[in-house]
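The structure appears below as structure tokens.
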2 protein chains.
Amino acid sequence: MLFVVDPHSGVPIFRQLMEQAKLAVAGGRLSPGDPLPSVRSLALSLGVNPMTVSKAYNLLEREGVLARRPGLPLVVADIAPDELGARRLGELERLLGPVADQIRELGVDPDDAVALLRRLLTGTEDA
Amino acid sequence: MLFVVDPHSGVPIFRQLMEQAKLAVAGGRLSPGDPLPSVRSLALSLGVNPMTVSKAYNLLEREGVLARRPGLPLVVADIAPDELGARRLGELERLLGPVADQIRELGVDPDDAVALLRRLLTGTEDA
DNA sequence: TATACTGTATAGGTTGACTAATACACCAAT
DNA sequence: ATTGGTGTATTAGTCAACCTATACAGTATA
């Protein structure tokens, strides 16, 4: 199953779906042209309302991640390879932006924060 | 005037107050032992409800920024800089852990991610 | 004790984000 | 044209965050 949601996580369901779709595309688990699960089937398997899935799909289409074909399933948008790299960087920035804000708010030394991230990414894998 | 709030900024008033108090402490404009404006006087000068100020003060006390003395004004907490730094690093690790997982999921080069975080932390700030 | 400060517990009102229910428009295939 | 599939506009309901009003508890000082 490509999508998993937790209704009690505090994160809106449609955002969880958008997040997972973006990561799947950026990470290569979904390629341009691949069809997505239909609104109804995905809603049924996740136990949520079809409109919630539709909202996520619609926003992803506006962001250029998905392509719409009226009356047919949505597919992953056709993206040039260089743009994929740029998109990956953009995704990374979207991840790190809010984190950087919080780090600044914490008043932590930037060098310490950067060193910690490097340790987490290259060092031992922790829970 | 140490505190200024904008009710229309979208940022909750009590968070604006917390932010400014933390920055004042970190920046040395408030030192350990210094008293804060009373809940009522600050609320009056800002045109907000006293409970809103009290909420900010209360949260700051829980975070260890302020110290409570029943019946008397709150003062800036007396905390060893080392302890404060350690506590912040702990919070930072909880913050960066899940982010590191997602970065790995993206398949981004760790060096790129680390470099981006450094740029975000040392570069320009946002509105 | 009276008074005038300090902060706060409790409850209610307002607002906005999120989700859901219904009915609809579109396309393909029979 | 009918059936079964796609996504969606509209409307209504739910829920949590935020701010506020009121009344209260503790402490210092005269």
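Predicted model only: the values in this text are computed from it and were never measured. In the text below, chain A, chain B and the rest are named by the order of the sequence lines, each starting its count at 1.
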In whole angstrom, give the distance that lies between atom [atom1] of [X] and atom [atom2] of [N].
X        : N       : atom1 : atom2 : answer
Met18(B) : dC19(D) : CE    : P     : 12 Å
Leu59(A) : dC18(C) : CG    : C1'   : 12 Å
Leu44(A) : dG5(D)  : CG    : P     : 12 Å
Asn58(A) : dT10(D) : CG    : P     : 13 Å
Met51(A) : dT11(D) : CE    : P     : 13 Å
Leu72(B) : dG26(D) : CG    : P     : 14 Å
Leu74(B) : dT6(C)  : CG    : C1'   : 9 Å

**Message:** What I'd like to find out is whether the side chain of Leu42(B) reaches to under 4.5 Å of the side chain of Tyr57(B), using heavy atoms alone.
**Reply:**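 With C-beta onward as the side chain, the pair touches.
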
**Request:** Please examine the side chains of Val75(A) and Arg69(A), heavy atoms only from C-beta on, and report whether any two atoms are closer than 4.5 Å.
**Result:**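 Side-chain contact under 4.5 Å: yes.
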
Look at the side-chain N and O atoms of [X] and state whether any lies under 4.0 Å from the OP1 or OP2 oxygen of [N].
X        : N       : value
Ser54(A) : dG7(D)  : no
Thr52(A) : dA20(C) : yes
Asn49(B) : dA21(D) : yes

**Fill in**
Of Arg40(A) and Val11(A), the one whose nearest nucleotide on DNA chain C sits closer to the 5' end is Val11(A)

Using the side-chain heavy atoms of [X], tell me which of these nucleotides is nearest: [options].
X        : options                  : result
Lys55(B) : dC18(D), dC18(C), dG7(D) : dC18(D)
Pro12(A) : dA28(D), dC18(C), dG7(C) : dC18(C)
Arg15(A) : dC18(C), dG7(C), dT27(D) : dC18(C)

**Asked** From Ser54(B) OG over to Leu17(B) CG, what is the distance, rounded to the nearest 0.5 angstrom?
**Response**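 Between atom OG of Ser54(B) and atom CG of Leu17(B) there are 11.5 Å.
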
**Asp111(B) and Arg118(A) ion-paired at < 4.0 Å** =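 Yes, charged N to carboxylate O under 4.0 Å.
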
**Message:** Using a strict threshold of under 4.0 Å (side-chain N to carboxylate O), is an ion pair present between Arg94(A) and Glu19(A)?
**Reply:**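 Judged by the 4.0 Å cut-off on N to carboxylate O distance, Glu19(A) and Arg94(A) do form a salt bridge.
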
